Amino acid sequence: MKKSEKFVITINRELGSGGRTVGQKLAERLDVEFYDKVVIKGLEEKYRLTVEEIEKLKGRKQGWWADFKRQMSSGASLVNYYIPKPGAEPELLDTDEVFKAETEILNAIAEDESCVIAGRSGFFVFRKHPNHLSILIQASMPFRLERVMRKQNISEAEARKTIEKVDQMRENYVSKYAKTSRYDTRNYDLVINADGKTEDQIVDLIMKYIG
């Protein structure tokens with residue numbers, strides 16, 4: 001990946017690995033925007049960005065995302081328009097129309113600006129992007145349990161149930177739309193085990209890899 005050219009970094013992560021925080025910190029370090037599944041879903045819901053509406057926007061002007069962003073944010077980060085509750089993992093409706101809309105939004109974002117995107121299908125959506133770095137962040141179950149328990153203030157049993165539910169939900173999504181497993185390391189340029197590392201140390205590793 002070349003930092004001197006427009007780029008997109010996608011981060012797939014296991015719940016409890018700290019991947020979302022790593023993505024945010026990495027975006028800050030690179031001075032680019034950070035987007036994730038929750039933010040994209042929030043934009044869809046808040047601004048009714050259906051496939052049909054996106055087609056209308058694209059028909060008006062080629063760089064529809066840049067125009068949309070200027071109109072909606074007035075110079076502020078779009079990320080601030082939809083802030084999930086701490087530790088929240090929404091049960092998002094997965095349909096072909098939603099996937100198509102999200103893919104259009106993600107591609108428009110990457111066409112307009114360099115960015116870091118955390119999400120279940122990022123590695124697949126940008127698999128043909130000329131300047132794309134795909135990252136997977138994993139961690140052992142004890143590490144994940146401790147983090148989810150601490151972040152969500154729940155018991156170990158509740159944390160395990162949450163992790164198992166989210167793991168299955170994300171795997172089903174990737175399997176359905178990307179026709180692969182999110183655990184297949186061949187889908188990524190860089191795979192990192194979060195055990196024994198802080199988020200900042202993981203960001204340092206990624207920055208070193210980028211060069």
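Please read all numbers here as calculations on a predicted model, not as lab measurements. Only heavy atoms go into these numbers, but all of them, side chains included; no hydrogens, no water, no symmetry mates.
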| query | Does CG in Asn153 sit with more than 12 non-hydrogen atoms of other residues, nucleotides or ligands closer than 6.0 Å? | reply | no
Salt-bridge present ([X], [Y]; N to O < 4.0 Å):
| X | Y | value |
| --- | --- | --- |
| Arg29 | Asp204 | yes |
| Arg150 | Glu146 | yes |
| Asp167 | Arg144 | yes |
| Glu199 | Arg147 | yes |

Close side-chain approach of [X] to [Y], heavy-atom, < 4.5 Å:
| X | Y | value |
| --- | --- | --- |
| Phe34 | Cys115 | no |
| Arg170 | Leu15 | yes |
| Ile137 | Ile11 | yes |
| Gln138 | Phe143 | no |
| Leu205 | Lys197 | yes |
| Asp36 | Arg20 | yes |
| Arg160 | Val148 | no |
| Glu156 | Met149 | yes |

Measuring from [X]:[atom1] to [Y]:[atom2], what's the distance to the nearest 0.5 Å?
| X | Y | atom1 | atom2 | value |
| --- | --- | --- | --- | --- |
| Glu113 | Ile109 | CD | CD1 | 6.5 Å |
| Ile192 | Tyr209 | CD1 | OH | 10.0 Å |
| Met1 | His129 | CE | NE2 | 10.5 Å |
| Asn193 | Glu14 | CG | CD | 9.0 Å |
| Tyr35 | Thr10 | OH | OG1 | 15.0 Å |
| Asp200 | Leu26 | CG | CG | 11.0 Å |

Judged by atom type as modelled, is there a donor-acceptor pair below 3.5 Å linking the side chain of [X] to the main-chain atoms of [Y]?
| X | Y | answer |
| --- | --- | --- |
| Asn131 | Lys2 | yes |
| Asn187 | Asp184 | yes |
| Asn12 | Leu136 | no |
| Tyr188 | Arg182 | yes |
| Gln201 | Thr198 | yes |
| Lys3 | Gly211 | yes |
| Glu158 | Ser155 | yes |

| Distance-only side-chain donor-acceptor flag, Glu111 / Asn107, under 3.5 Å | no
| message | Is it true that Thr162 and Gln152 share a donor-acceptor pair across their side chains at a distance under 3.5 Å? | response | no
Which atoms form the tightest heavy-atom contact between [X] and [Y], and what is the distance?
| X | Y | value |
| --- | --- | --- |
| Ser17 | Arg13 | OG-CB, 3.6 Å |
| Val116 | Gly23 | CG1-O, 3.8 Å |
| Phe7 | Val32 | CZ-CG1, 3.9 Å |

| said: Quick one, Tyr177 with Asp96, criterion side-chain contact (heavy atoms from CB on, under 4.5 Å). Give me CA distance, side-chain angles, the key distance, then yes/no. | reply: CA-CA 9 Å; Tyr177 293 108; Asp96 290 345; 3.3 Å; yes
| request: Evaluate the side-chain contact (heavy atoms from CB on, under 4.5 Å) criterion for residues Glu28 and Val203: first the C-alpha distance (whole Å), next the side-chain angles of each, then the deciding distance (0.1 Å), finally the verdict. | output: CA-CA 10 Å; Glu28 291 174 4; Val203 172; over 6 Å; no
| request: Find out if a path of hydrophobic residues (ILVMFWY) with successive side-chain heavy-atom gaps under 4.5 Å connects Ile154 to Val166. | output: yes
| said: side-chain hydrogen bond (donor to acceptor under 3.5 Å, both in side chains), that's the test. Do Asp189 and Ser134 meet it? Break it down for me. | reply: CA-CA 5 Å; Asp189 301 301; Ser134 181; 5.0 Å; no
| field | Verdict with supporting geometry, Lys100 and Ile105, side-chain contact (heavy atoms from CB on, under 4.5 Å) | value | CA-CA 9 Å; Lys100 290 176 183 177; Ile105 293 170; over 6 Å; no
| message | Cation-pi check for Phe124 against Arg127: NZ or CZ below 6.0 Å from the six-membered ring centre and within 45 degrees of the axis, yes or no? | response | yes
